[in-house]
2 protein chains.
Amino acid sequence: MYICRMENTDHLKEILESHKLRITACRKNVLQFFLNRKAALSQSDLENQFTQYDRVTLYRTLNSFLDSGIIHKIPNSQGAAAYGLCHETCSPDHHDHNHIHFKCNQCGQIQCLDDKLVPEVTMPKGYMIEAVNMIVDGVCAKCA
Amino acid sequence: MYICRMENTDHLKEILESHKLRITACRKNVLQFFLNRKAALSQSDLENQFTQYDRVTLYRTLNSFLDSGIIHKIPNSQGAAAYGLCHETCSPDHHDHNHIHFKCNQCGQIQCLDDKLVPEVTMPKGYMIEAVNMIVDGVCAKCA
DNA sequence: TTAAATATGCAATAAAGTTGCATTTATGTA
DNA sequence: TACATAAATGCAACTTTATTGCATATTTAA
């Protein structure tokens with residue numbers, strides 16, 4: 001029989017504090033959900049998981065995580081916006097996601113391939129680069 | 001004084017025919033608009049330009065262009081979906097856009113950098129690649 | 001020229017994103 | 001610990017974008 005007990009949430013508190021965010025139940029739950037998941041999450045994923053919270057609250061939770069540099073938005077051409085956890089190297093001012101994102105056309109999941117770095121690119125004269133995103137579409141190892 | 005006259009629309013007709021689409025005024029107008037524009041277009045761009053057409057018609061026009069391989073959808077993390085013209089090498093079955101997309105954070109325009117090719121990437125074992133997209137965010141030459 | 005297939009306009013709805021405001025909760029300080 | 005202040009939450013409302021059904025109009029092939 002599975003005994004439900006209080007989990008230690010010190011690590012969640014630390015992450016939120018270090019990003020200058022207040023500690024709330026909603027934020028801790030959402031953050032834990034991100035940490036458990038390998039794949040990126042969308043607003044509707046959160047709504048399905050946390051029916052106890054209003055969708056506006058979840059929307060603003062995502063925004064506060066975005067602004068503080070806990071998560072990053074992943075560009076995609078279809079469906080709702082997806083969000084992935086940032087690395088320690090990210091700060092509110094300067095995001096640092098030079099990893100490739102992969103979207104599986106079978107299961108629909110979007111993954112951060114943290115150890116696959118985006119190759120260098122050069123732009124035509126006069127262009128200033130602020131961020132580079134690379135999204136690979138295909139079939140993931142699990143679905144293949 | 002500028003004299004308004006009928007333009008030759010044979011090239012539009014040819015493009016539509018070669019993609020197995022019926023020739024209609026709306027499709028010719030939208031296609032011409034794409035050909036004139038360097039930057040990618042969104043649904044709302046079309047709505048602003050072509051107030052004579054219902055937005056559902058424009059929506060379906062975009063879809064028919066997408067399905068037939070005249071345009072491609074450009075992934076982005078913010079704002080409405082953007083669409084860019086395909087090259088001759090694209091067919092309904094197999095799209096071939098290995099060029100980089102650039103989004104200017106100043107003017108908001110998204111451009112196809114047709115001669116900037118997306119670099120090769122390798123995936124972890126078991127992954128199958130179907131498409132690779134690269135989006136560079138920054139400031140374009142005009143806005144810099 | 002006409003029948004069949006397709007495109008369009010209108011109405012309606014779904015889904016996603018966003019804001020204002022009253023209430024509740026978290027946090028720093030006395 | 002209690003309190004004042006600042007921030008988070010829930011609710012309502014609204015905007016934008018995406019989507020479908022159906023009647024009518026247009027295109028195309030025979």
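Chain A is the first sequence line, chain B the second, and so forth, proteins listed ahead of strands; every chain is numbered from 1. These numbers come from a predicted model, not from an experiment.
- Whole-Å rounding puts the A/Y59 OH to C/dA16 P distance at 14 Å.
- A tilted orientation is assigned to the rings of B/Y53 and B/F50, their planes being inclined by 30° to 60°.
- The NZ-P distance, from A/K20 to C/dT27, rounds to 15 Å in whole Å.
- With rounding to whole Å, A/L58 atom CG is found 14 Å from D/dA8 atom P.
- Distance, A/R27 CZ to C/dT24 C1': 14 Å, rounded to whole Å.
- Comparing B/L21 and B/A81 against DNA chain D, the residue whose closest nucleotide sits nearer the 5' end is B/A81.
- Whole-Å rounding puts the B/I23 CD1 to D/dT26 C1' distance at 13 Å.
- The aromatic rings of B/Y127 and A/F102 sit perpendicular, their planes meeting at an angle over 60°, well past the 30° parallel limit.
- Ring pair B/F34/B/F65 is tilted by interplanar angle, where 30° to 60° counts as tilted.
- The side chain of A/T57 contributes an N or O atom lying less than 4.0 Å from OP1 or OP2 of D/dG10.
- Rounding to whole angstrom units, NZ of residue B/K73 and P of D/dT17 are separated by 13 Å.
- Per the geometry, CG belonging to B/D54 stands 15 Å off P belonging to D/dT17, to the nearest Å.
- As a whole-Å value, the separation of A/R60 CZ from D/dA8 C1' is 8 Å.
- Not one side-chain nitrogen or oxygen of B/T24 sits closer than 4.0 Å to the OP1 or OP2 atom of D/dT27.
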